[in-house]
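To start, the structure itself, in structure tokens.
Because the structure is a prediction, the values reported are computed rather than measured. Positions are given from 1 along the sequence. Note that ligands are numbered from 1 as they come in the structure, with each ligand's atoms numbered from 1 the same way.
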Amino acid sequence: MNGREPEALIPAAVDTLPINFAILDNEGTILYTNRAWQKFGEANDIELRPDTIGTNYLTITRQAETETAQTAAAGLSEILTGERELFEFEYPCHSPDTRRWFLMRAASFTNRDQRYVAVAHFDITDRYMYQRQLEESNERLQQFAYIASHDLQEPLRMVTSYLQLLEHRYSDDLDEDAKEFIEFAVDGAERMEAMIEGLLTYSRVETQGQSFDSVDLEAVLDDVLTDLGLRIDETDAEITAESLPIVSGDASQLHQLFQNLLENALQYSGEQKPRVSISATRDEDEWMISVSDTGIGIDQEDADRIFEVFQRLHSHEEYKGTGIGLALCQRIVKRHGGKIWVDSEPEEGSTFSFTLPAPNT
Ligand code: ADP
């Protein structure tokens, strides 16, 4: 070091940043601007015009009559009056050749009992475009899944009903082989129907979900156990549950979530009778709910794959199913702001756990 305090280098260093940066006093007068701020004003015809030292930034912003400028001015004035400490605002900006997006950020700070405001404008065009593209492609994908599955149902119904017609009307003329072939075909069509229905439900999780409400998971579990009563009796399953919390969510989707996990626990129980336990633990601002079974388990290397659409580890002959159940669970949990995963030991059992945000108390 050549004897200077590092702080003294800050203005020169800030001049190198690709961020438009200024410091205002507590009335909005510009005290300092960096090089990017100065250059930006010359090169662009924008609404939130940066201005030079000595002018009042709030006045300038207020004078521009566009909505963008008015929003920025309102935020800035709240910072100046001390009503809030931070104001962030994303806005489009017309430079001579492109439309770009900026983030304006104004934050107050105190130095020697005097309040100041640091204002920065960041170019966020890349992030903005990326996000927009992602949203658009998600939307298109969802629409595609919905339309595809919806429109596939119709011709499939035709296949099924003509097969049934064949079976009924020509039953006497058909030999055993032919009857068996029809049975296979009907079975295939029914499986396809179940898959399409699953896809439809899957594609509707975001778009057709209910708004969030207070949901008592204990009541949800009770309902699910009632619905599964027959299966539970048939398999002689033993199900135990700790007390479960009240969360904020979509009751019917949470019902679906528990139902899928319990159905799996009953289905993939192996030779012995199913033993399932459900528990809930609170970790800071979220709940973790776990559904444990003592069934056939899952190889660690398949632990991620099973949450994908149509991914199954067994043939249809071994275990019936469409491979949508866990994908749906994941989508539902994601919509609720949580995550879902499995811990498992092959032949020992699996524990499916998911988190849900705890309501603010
Ligand atoms: P499906 O049960 O219709 O095949 P899922 O998406 O519910 O579809 O499950 C995907 C795969 O994950 C299942 O085919 C099965 O191989 C495996 N699996 C799910 N739950 C369990 C479980 N509790 N124990 C062992 N394997 C499971």
Side-chain angles (χ1 to χ4, degrees), residues 145 149 152-153 156 187-206 220-221 224-225 227-228 230-232 234-242 244 252-280 288-336 338-355:
S149 38
L152 282 172
Q153 278 182 326
L156 188 61
D187 185 50
E190 275 171 0
R191 263 160 58 195
M192 194 158 159
E193 199 178 322
M195 288 165 95
I196 289 174
E197 222 155 78
L199 258 189
L200 256 177
T201 316
Y202 182 80
S203 71
R204 283 170 170 166
V205 168
E206 293 288 338
V220 170
L221 180 64
V224 172
L225 292 177
D227 289 353
L228 294 177
L230 200 63
R231 288 284 301 282
I232 294 172
E234 275 171 6
T235 53
D236 199 19
E238 199 180 281
I239 299 179
T240 54
E242 285 179 5
L244 298 179
S252 110
Q253 290 187 343
L254 293 173
H255 182 108
Q256 178 101 61
L257 173 65
F258 272 101
Q259 177 163 330
N260 290 358
L261 293 179
L262 283 168
E263 272 175 349
N264 282 348
L266 297 177
Q267 162 132 303
Y268 301 104
S269 62
E271 300 290 298
Q272 9 159 342
K273 71 172 191 183
R275 284 218 306 272
V276 188
S277 59
I278 299 144
S279 64
M288 182 178 82
I289 317 286
S290 297
V291 178
S292 291
D293 64 55
T294 53
I296 61 171
I298 296 157
D299 259 326
Q300 198 49 45
E301 60 183 47
D302 294 317
D304 290 333
R305 188 157 77 85
I306 53 169
F307 291 98
E308 284 167 30
V309 173
F310 295 148
Q311 287 290 336
R312 316 192 59 223
L313 307 176
H314 307 278
S315 71
H316 186 70
E317 284 67 36
E318 278 177 288
Y319 292 100
K320 292 212 178 315
T322 56
I324 282 267
L326 289 176
L328 198 57
C329 288
Q330 186 177 58
R331 198 122 189 214
I332 290 171
V333 171
K334 269 197 188 153
R335 176 170 180 239
H336 284 76
K339 44 187 195 308
I340 183 169
W341 68 96
V342 62
D343 296 300
S344 178
E345 191 71 50
E347 280 156 68
E348 298 283 320
S350 317
T351 299
F352 285 85
S353 306
F354 59 88
T355 57

Are [X] and [Y] close enough that some pair of their side-chain heavy atoms sits under 4.5 Å apart?
X	Y	result
V309	I324	yes
H314	Y268	yes
W341	V333	no

What does the N/O contact table under 3.5 Å look like for ligand 1?
residue, atom, partner, partner atom, Å
ligand 1, 2 (O), N264, OD1, 3.3
ligand 1, 2 (O), Y268, OH, 2.8
ligand 1, 3 (O), T322, N, 2.9
ligand 1, 3 (O), G323, N, 2.9
ligand 1, 4 (O), Y268, OH, 3.2
ligand 1, 4 (O), R312, NE, 2.5
ligand 1, 4 (O), R312, NH2, 3.2
ligand 1, 6 (O), G325, N, 3.3
ligand 1, 6 (O), L326, N, 2.8
ligand 1, 7 (O), N264, OD1, 3.3
ligand 1, 7 (O), N264, ND2, 2.8
ligand 1, 7 (O), L326, N, 3.4
ligand 1, 8 (O), G323, N, 3.3
ligand 1, 14 (O), Y268, OH, 3.2
ligand 1, 16 (O), L313, N, 3.4
ligand 1, 16 (O), H314, NE2, 3.4
ligand 1, 20 (N), N264, ND2, 3.3
ligand 1, 23 (N), D293, OD2, 2.8
ligand 1, 24 (N), S350, OG, 3.4

Does R312 qualify as a cation-pi partner of Y319, given the criterion of NZ or CZ under 6.0 Å from the six-membered ring centre and within 45 degrees of its axis?
no
Separation between CD1 of I239 and CG of L262, rounded to the nearest 0.5 Å:
5.5 Å
Can you name the nearest heavy-atom pair linking Q253 to V205, along with the distance?
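Closest approach of Q253 to V205: NE2-O, 3.1 Å.
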